[in-house]
2 protein chains.
Amino acid sequence: MTATILVVEDELAIQELIALNLKKAGHLVLCAETAEQAVKMSNSVLPDLVLLDWMLPDMSGLEFARKLRREERTKDIPIIMLTARTQESDKISGLDAGADDYITKPFSPRELLARIKAVLRRRLPEMSDEVIEIGGLKLDPVTHRVYAQANDNNIKPEKLLLGPTEFRLLHFLMTYAERVHSRTQLLNRIWGDHVFIEDRTVDVHIRRLRKSLESVGKEHLVQTVRGTGYRFSVEKSEESVE
Amino acid sequence: MTATILVVEDELAIQELIALNLKKAGHLVLCAETAEQAVKMSNSVLPDLVLLDWMLPDMSGLEFARKLRREERTKDIPIIMLTARTQESDKISGLDAGADDYITKPFSPRELLARIKAVLRRRLPEMSDEVIEIGGLKLDPVTHRVYAQANDNNIKPEKLLLGPTEFRLLHFLMTYAERVHSRTQLLNRIWGDHVFIEDRTVDVHIRRLRKSLESVGKEHLVQTVRGTGYRFSVEKSEESVE
DNA sequence: ATAATGCGTTACATATTTATGACGGTATGA
DNA sequence: TCATACCGTCATAAATATGTAACGCATTAT
């Protein structure tokens with residue numbers, strides 16, 4: 001549940017307060033007072049979510065939201081609007097601009113965190129800390145552990161040891177199970193978007209992940225789709241008969 | 001859960017009503033009509049939680065809340081704000097200066113109690129005075145002592161000597177056993193939010209904690225999760241099956 | 001069939017992250 | 001006031017994770 005959150009708010013008292021609460025919840029917080037700052041900031045570090053004040057000195061929050069939505073790199077970032085008003089019309093146009101949710105001031109930190117969690121779960125499921133269980137594998141983001149249910153049904157689940165990258169990789173693949181991801185997609189989502197890394201590196205990490213899975217006989221879950229990429233799938237791919 | 005609650009409310013009828021309900025729920029209640037009174041009161045008896053009316057005759061609730069947050073002794077006290085529904089919400093500039101929650105009047109006693117309970121549990125779960133016992137370790141918040149049950153079953157439990165920080169660290173980790181915490185999270189929750197302390201310092205305290213645990217052969221309970229943080233866990237993080 | 005492409009696998013140098021012991025400063029208490 | 005306990009930081013060692021290149025096999029295209 002640790003996300004990078006960009007807070008765009010001109011009232012410093014509020015900004016600080018929000019930042020405080022977000023940090024305490026374990027998020028990484030970036031702050032900006034103006035849309036201009038926010039743009040710069042999001043250019044260097046791509047946030048996972050943007051908390052956006054409705055009224056900003058230089059550009060309206062609405063406008064900034066549109067800008068985010070227009071650009072390829074940022075168009076998928078969830079946005080939560082902060083507004084002091086309660087008028088229905090604001091709600092409409094805020095959501096229109098592509099905001100995922102909006103909160104009217106004043107709001108409690110609890111409400112804020114709840115909304116953030118909800119939005120993240122909706123837009124970036126791999127960031128929510130829910131346990132994922134597929135194909136006899138159980139991955140728990142909170143305890144950071146992966147268990148494999150023994151194939152020969154019965155008996156204790158075995159614990160799986162993974163390096164940091166392999167853990168994220170598996171988490172991502174399991175979150176979007178059955179879907180094929182190109183190496184580039186995996187690099188962007190798991191390594192980050194600014195990195196310059198060889199596509200082939202993904203192969204190696206897939207290899208390492210598989211090796212760990214082999215120790216519990218689950219290597220068939222990570223499948224290669226030739227010419228396309230990789231996939232986590234419960235169904236066996238090709239080789240049927242043995 | 002018995003807590004000392006300071007109620008700051010100038011309308012006596014409401015104050016009394018609240019006090020009545022809180023007492024009935026087993027809390028110890030302090031009442032103040034003005035911020036000035038409230039300050040005096042909190043100087044003599046440190047409350048566990050403050051119920052604060054938004055509008056006060058001498059000082060705004062907002063200001064009082066800030067004052068509480070500023071001072072070392074009171075900065076961690078949870079605050080719940082009371083606001084009248086009739087007040088224009090956009091006059092309330094932003095979050096309640098660090099309020100943990102807020103309730104709009106009129107509210108039901110049941111709602112009030114529920115929020116109080118939630119805030120207390122959320123804000124200081126590791127402050128509840130319950131003895132925690134996991135993995136052969138027994139930590140008693142009241143006596144501020146930690147005992148280790150000897151591994152080679154039966155024989156007297158050994159007492160464990162810990163510094164203040166190590167005690168809080170262990171208390172926190174045991175409270176949220178099995179969960180992984182990043183260094184930043186640990187700093188925020190155990191040291192406090194405003195602190196400017198190196199992440200690496202956590203390592204050192206973990207080291208000191210482990211050293212103490214070694215003396216009773218329990219050091220395996222505090223585990224490193226590379227790239228993420230630390231965890232208190234009963235399960236060994238090493239290999240599982242052979 | 002042969003070439004071209006894609007993938008799996010391994011080895012390895014490098015980078016990153018943790019562990020640890022030492023040090024100076026501060027608070028605490030006798 | 002002196003002694004002790006604690007704390008935060010640093011330097012260095014140790015551990016382990018990471019990205020690449022290289023090579024060989026498998027699959028696909030020509």
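The sequence lines fix the lettering, A, B, ..., with proteins before strands; numbering per chain opens at 1.
In this entry the distance linking CD1 of B:Ile197 with P of D:dC7 reads 10 Å, nearest Å. Distance B:Gln223 CD to D:dT16 P: 14 Å, rounded to the nearest Å. As rounded to whole Å, 15 Å separates atom C1' of D:dA15 from atom CG of A:Leu161. In this structure, A:Glu214 atom CD and C:dG8 atom P are separated by 12 Å, rounded to whole Å. For the pair B:Ile190 CD1 and D:dC7 P, the interatomic distance rounds to 12 Å; values are reported in whole Å. Between the CG atom of B:Asp203 and the P atom of D:dT12 there is a distance of 18 Å, given to the nearest Å. The CG atom of B:Asp199 sits 13 Å away from the P atom of D:dG8 (whole-angstrom rounding). With rounding to whole Å, B:Glu198 atom CD is found 17 Å from D:dC7 atom P.
Using a 4.0 Å heavy-atom cutoff across all strands shown, A:Tyr230 reaches sugar-phosphate atoms only and no base atom. Using a 4.0 Å heavy-atom criterion, one finds that A:Phe196 contacts the sugar-phosphate atoms exclusively. Residue contacts shown for B:Arg208 include a base, since a base heavy atom lies under 4.0 Å away.
Here the rule is side chain to side chain donor-acceptor pair (under 3.5 Å) with A:Gln149, and of A:Glu133, A:Glu158, A:Lys138 only A:Glu133 fits it.
Donor-acceptor pairing under 3.5 Å, judged by distance alone, is present between the side chain of B:Arg226 and the base of C:dT17.
For D:dG8, the OP1/OP2 oxygens have a side-chain nitrogen or oxygen of B:Trp191 closer than 4.0 Å. Within the 4.0 Å cut-off from OP1 or OP2 of C:dT10, at least one side-chain nitrogen or oxygen of A:Lys211 is found. Close to C:dG8, at under 4.0 Å from its OP1 or OP2, lies a side-chain N or O of A:Thr224. A sub-4.0 Å separation between OP1 or OP2 of D:dC10 and a side-chain N or O of B:Arg200 is absent.
Counting only heavy atoms from C-beta on, B:Val204 has its side chain closest to C:dG21 among C:dG21, D:dT18, C:dT9.
Between B:Phe167 and B:His144, the ring-plane angle classifies as parallel under the 30° and 60° cut-offs.
Along DNA chain D, the nucleotide closest to B:Thr201 and the one closest to A:His205 are compared, and the more 5′ of them pairs with B:Thr201. Closest-nucleotide positions on DNA chain D for A:Gly163 and B:Thr165 were compared, and the one nearer the 5' end corresponds to B:Thr165.
In this structure, the side chain of A:Asp199 does not engage the main chain of A:Arg183 through any donor-acceptor pair within 3.5 Å.
Of all heavy-atom pairs between A:Asp100 and A:Ile77, the closest is OD1-O, 4.4 Å.
Between the side chains of B:Arg189 and B:Thr175, not a single donor N or O lies within less than 3.5 Å of an accepting N or O.
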